[in-house]
Amino acid sequence: MSDNVVHLYKDTDPSAVTTLTVVPEPAPAPPVPLWVRSGRAIRTAVTHETTKATARAIARHTLYVAGGARIAAKRTWDGRTASRYERMFRAAEAAGNHEMATEWEERGQHFREARHRRRMDLLHSPLEAAKGVAVSAGMGVGSLVALGVVMAIATKDVTQVITPLMATIEFINLLIRIVQVVWGPALAIGPFLALLALWAVGSKQQAAPAWALPDSVRTSEGEPITPSIVVKALRDLGVPALRNAIKDMGDAGASMLGPIRIAGCGVEVDVTLPSGVSTNEVQNRRRKLAENLTRHEHEVFITIPTAARTVRLWVADSGALDEPIGPSPLVTDETLTADYAKGRAPWGQDLRGDAAALSLFQRHLLITGLSNQGKTAALRSLALWLALDKQVQFLMGDLKGAGDWRMFDGVATTLIEGPTDEHVIQVTEMVEGAVDEMNRRLQAPPGTKFPALLVIVDEAQVAFMCPAKDEDKRPYGGAKANSRYFMAVRKIHNQGRAVNVLMWQGTQDPTNENLPKLVREGAHTRASLALGTEQQARMALGDKAVDGGAAPNLLRPGLDKGTVVVASDGIAIPAGQASITVRTHYIDIAEAHAVADRARALRDGVTTLTVIERGEERDPLADILAVMGDAQRLLTLDILKRLAALDADTYDGWTFGDLKRVLEAEGEEPKKSNGRMVVHKDHVLRAIAHRDGGGSASASE
């Protein structure tokens, strides 16, 4: 029978048995050995934050003494030798400042001459000192005796003759006793005072390794950029050839650096790399270089100037790039106007803090970036400035349709808003209409001047990715030769700038599928906000700009909103660079509507079409009335242009004779005003009333 089973019998019925199973208690765990518990306690105590802080404090204050001794020794050595003058001479010579180098060389020579004179004087000083002591002692004793004689005569006591001499001897004896009493404690306390003095020097200069310094000091956030810091950052960059070259330089690397110049909210310095070190070895270590300079990666920019084997470092003041820039002049100056041909759009500020202005004259534009980085706002601010030139005409397609461009209602001739395939079809036909206008202008007589016609398509990737096809099975999207949108954009890129027909596009996340290569390379001005990869940066800006240091893929998504890297000849770019980084002004929706109101006030009642009508019977009189909008009279040439934009199939090719024929059929005709033919709105209304009333209107008059 098992030891864990117990049988219970009832007194009334012996045959009834109840069986209970007894579960034994588990055996107690063996005690943890004392040495294990002690080890755990020791490990906890050693790794505790308080222990670490205490050890760091002990090491810090101990090393302050050693550092103070090193600093004091260096100061003593500099004071007694010409090493200071030699160091300053080499630094000035490395910087190319020969005038300053000559001055330091002369100062060093004067120091050596003065030191030689002092040493020669020391050879004669013992004899001169002995003579001086003898003369002084003789004169002193004689003076004391003479004073005693005077006192003896005055008191008629001959013993007073030696009183001054004895008083002097007793005073000297007292000084000796004082020295004897103080000398012992001074010898004991002196070393401690010396150590305290060295500690004070070391703590003031933070002469301890970085790991031992307090957290507030160890971060060294915002440390000023000095030549020694730049050289040390390059030395510790992890490039063996660069590190060895700096060690072998007699000036400790100072000859590599040009002058450190203040540049906006940071500093700029050119670094001439030694032989065997290529510029891309420094460019590829941007993050490490920034951290060596106690900066974040986005606060250091590396570009390649024209000089061979040279990199240009721009280092921002710590945290300066996170501060917002001021408002746009479009918002603050209500008298500001635009000039398409000669003016420059105030777009923002460069990294130096200087105003960044962009020329838009005869330049196709492409701006790209990740979603929600400020692409639409950056593109819209350029269009708002150009709208203040009343001669500029706009055709706009917003394939997001969120109202970001709605303020151009009454400014743009056409404004299509929406993300569907139908909206892509409408935008495609709008761009094709611009191609027809371009062809008409190209066939005009030589010397004809044309106002700028700006075709803007935001979220253009929606058009390139559209799968819809027309009745002839031609796709609207794609990048093939039969793609309607792609081919219309290419035609404008090829010939549009010659007659001031320009194409602006904004797109997200550039790839070969949503932004074909031929369309990318057709833009004269290419700008990019934050991107994900270097490959995307090359698609957005081109290989030349990226190889020259442009890196929109290193911008911080969400934190660097509105910051664009621009490659264009329309903006001032420092010599030797292929791009420039611009922090654009942000104009919100309310401010954009206010600027658009000023643009509308400059124009004469523009009627904005929100749909491209096609394939329907047109009413010429009704269309003339529609395109006149709020204008009471309009030039016949402007009416013909607006009719062509309204329906190119019906009105493209109309002449003044066609317009006159339609009005004369109802008893009206264009009139002259200031020598130019115009159409009056009242006349059009009378013509419609005459037609609809079967002549009753004219009869009543």
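These values consider heavy atoms only, across backbone and side chains, with no hydrogens, waters or symmetry-generated copies.
Residues Asp569 and Arg363 are paired through a salt bridge, judged by an N-O separation under 4.0 Å between the basic side chain and the carboxylate. For the pair Glu281 and Arg285, the salt-bridge criterion is not met [side-chain N within less than 4.0 Å of a carboxylate O]. The pair Arg642-Asp623 does not meet the salt-bridge criterion, since no charged nitrogen lies less than 4.0 angstrom from a carboxylate oxygen. Comment: Lys390 does not engage Asp604 in a salt bridge, judged by the lack of any side-chain N to carboxylate O separation of less than 4.0 angstrom. Look at Arg600 and Asp597 and you find a salt bridge, because one of the NZ, NE, NH1 or NH2 atoms lies within 4.0 Å of a carboxylate O, short of that distance. A salt bridge does not link Glu521 to Arg526: none of the charged side-chain nitrogens sits closer than 4.0 Å to a carboxylate oxygen. The pair Arg406-Glu417 meets the salt-bridge criterion, since a charged nitrogen lies less than 4.0 angstrom from a carboxylate oxygen.
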Assess the residue pair Glu459 and Lys375 against the criterion (salt bridge (Lys or Arg N to Asp or Glu O under 4.0 Å)); give the C-alpha distance rounded to whole Å, side-chain angles, the decisive distance to 0.1 Å, and a yes or no.
CA-CA 10 Å; Glu459 306 296 343; Lys375 168 181 56 62; 3.1 Å; yes
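In terms of the ring pair (Phe, Tyr, Trp, His ring centres under 6.0 Å) criterion, residue partners of Tyr485 (sequence neighbours excluded) are, by chain and number, Phe464.
The two residues Val277 and Arg309 make their nearest non-hydrogen contact at O-CD, 4.2 Å.
Side chain of Thr607 to main chain of Ala626: a donor-acceptor pair is present (N/O by atom type, distance under 3.5 Å, no hydrogens or angles). Between the side chain of Asn514 and the main chain of Asp509, a donor-acceptor pair closer than 3.5 Å is present.
At least one cation-pi condition fails for Arg497 and Phe361: the charged atom is not both under 6.0 angstrom from the six-membered ring centre and inside a 45 degree cone around its axis.
One distance of note links NZ of Lys641 with CD of Glu437; it measures 7.0 Å at 0.5 Å rounding.
Ring planes of Phe408 and Trp405: tilted class, angle from 30 to 60°.
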